[in-house]
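Report on one structure; see the data block that follows.
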Amino acid sequence: MSSVIDITHYLDEQGFPVFAGPAGGLSRFFGKIVAAASLLPVEGTAYSAVRCRRRPRHKRCEGGIHIYRRYDGVIEWTCPECDDEGFIYNWEGTYWDKGLYYDPNIGPDAIRLVISREEYDELAKIDTLSDESEAILLAAATTDEGIELVASPGAFDDFVGYIAFEANHQFNATREQMSTTREQMFDKLCERIETLLEFHEIAQGF
């Protein structure tokens, strides 16, 4: 059964997402789909990194959401694993419209980084990312190798700064300290991105 969603129904009177109550989970799910779609060109498609919301037989569906941004502005989405699907409209200009923060037509200057689902989920938890760095995650695509992040060298240079800050940040006594495993994960991601940036600089020099 298809869901037909007016995304403004998940915004409060000030235009911010409703995250509390029964609508909270749906707000986060549909909001991620809208954000990812807003970073696509018109009539663009993507096998996104957005996780399916369904739990058939009480087990989470492992599918990623396939998104299509139609010419008329309607977003079509479907999970190829469980066939959950729907349509979202009225999203332009809302909180989740992130189109200003990412260029889908980067061209040959683009840097590509493939990460694991675990790495992606941990990066998505960082709440200090700039809009531009957040857009790199929202525009990610699911591939056979993993989750692919694509952005310009400048955008990745900013992105690695936020990851490094998160890895080195000292939490105060009222917050749970970052686990060593997560810190090591972020350190390794920083090294990989910095290596890619160095290779790009060398290539540009020839």
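By convention here, the first residue in the shown sequence is residue 1.
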Report yes if some heavy atom in the side chain of Glu134 is under 4.5 Å from a heavy atom in the side chain of Tyr101; otherwise report no.
no
Neighbour count >12 (heavy atoms, 6.0 Å) for atom NZ, Lys32:
no
Pair Arg192 + Glu119, salt bridge at N-O below 4.0 Å:
yes
Should Asp121 and Lys125 count as an ion pair when the cut-off is N to O under 4.0 Å?
no
If two hydrophobic side chains count as joined below 4.5 Å and joins carry through other members, does Ile115 share a cluster with Leu197?
yes
Do Trp96 and Leu138 have side-chain heavy atoms sitting under 4.5 Å apart?
no
Can we say Arg69 and Glu76 salt-bridge, meaning some charged N sits less than 4.0 Å from an Asp/Glu carboxylate O?
no
Got a second to check how far Ser116's OG is from Leu189's CG, nearest 0.5 Å?
7.5 Å
Are any non-hydrogen side-chain atoms of Ile111 and Phe199 less than 4.5 angstrom apart?
no
What pair of heavy atoms forms the shortest contact from Cys61 to Cys79, and how long is it?
SG-SG, 3.6 Å
When you measure from the side chain of Ser133 to the backbone of Ser130, do you find a donor-acceptor pair of N or O atoms at a distance under 3.5 Å?
no
So, the side chain of Thr78 versus the backbone of His66: is there a donor-acceptor pair under 3.5 Å, distance only?
no
From CZ (Phe186) to CG (Asn168), nearest 0.5 Å:
11.5 Å
Transitively linked via ILVMFWY side-chain contacts under 4.5 Å: Leu113 with Tyr162?
yes
Determine, for Arg54 against Glu81, whether the closest basic-nitrogen to carboxylate-oxygen distance falls under 4.0 angstrom.
no
Between Ser27 (side chain) and Pro17 (backbone), is there a donor-acceptor pair under 3.5 Å?
no
Below 4.5 Å, heavy atoms only, C-beta onward: do Leu129 and Leu137 meet side chain to side chain?
yes
For Phe29 together with Trp77, are the ring centres under 6.0 Å from each other?
yes
What distance do Tyr47 atom OH and Ile67 atom CD1 have between them, rounded to the nearest 0.5 Å?
11.5 Å
Apply the test side-chain contact (heavy atoms from CB on, under 4.5 Å) to residues Ile7 and Ile75: give CA-CA distance (whole Å), side-chain angles for both, the deciding distance (0.1 Å), then the verdict.
CA-CA 11 Å; Ile7 198 64; Ile75 297 168; over 6 Å; no
Any idea which heavy atoms bring Thr128 and Glu166 closest together, and the distance?
OG1-OE1, 4.0 Å
In terms of hydrophobic clusters joined by side-chain contacts under 4.5 Å, are Tyr120 and Met185 together?
yes
Nearest 0.5 Å please: distance from the CG atom of Asn90 over to the OG1 atom of Thr8.
5.0 Å
Measure the shortest side-chain to side-chain distance between Leu123 and Phe159 over non-hydrogen atoms and say whether it is less than 4.5 angstrom.
yes
Gln14, CD: over 12 other non-hydrogen atoms inside 6.0 angstrom:
yes
Once rounded to the nearest 0.5 Å, what's the spacing between atom CD of Glu118 and atom CZ of Arg182?
10.5 Å
Between Leu149 and Phe156, is any pair of side-chain heavy atoms under 4.5 Å apart?
yes
Can you hop from Val74 to Ile33 via hydrophobic side chains spaced under 4.5 Å?
no
Got a donor-acceptor contact below 3.5 angstrom from the Thr142 side chain to the Ser48 backbone?
yes
Starting at CZ of Arg117, measure out to CD1 of Ile147 and round the result to the nearest 0.5 Å.
3.5 Å
If you draw a 6.0 Å radius around OH in Tyr102, do more than 12 non-hydrogen atoms from other residues or ligands fall strictly inside?
yes
side-chain contact (heavy atoms from CB on, under 4.5 Å) assessment of Arg51 paired with Arg60
CA-CA 9 Å; Arg51 295 281 293 271; Arg60 181 170 187 174; 3.0 Å; yes
Test item: Val34 and Tyr95 side chains (from C-beta on) under 4.5 Å apart, heavy atoms:
no
Is Val50 reachable from Ile88 through a run of hydrophobic residues whose side-chain heavy atoms are each under 4.5 Å from the next?
yes
Applying side-chain contact (heavy atoms from CB on, under 4.5 Å), run through Glu132 and Asp158 and close with a yes or a no.
CA-CA 9 Å; Glu132 290 78 8; Asp158 289 339; 5.9 Å; no
Decide yes or no for Leu26 and Ile5: does some side-chain heavy atom of the first lie under 4.5 Å from some side-chain heavy atom of the second?
no
Can you confirm whether more than 12 heavy atoms, excluding those of Glu92, are under 6.0 Å from its CD atom?
yes
What pair of heavy atoms forms the shortest contact from Glu85 to Ser2, and how long is it?
OE2-OG, 2.8 Å
Verdict with reasoning, Leu11 to Phe16, per side-chain contact (heavy atoms from CB on, under 4.5 Å):
CA-CA 5 Å; Leu11 297 171; Phe16 292 104; 5.8 Å; no
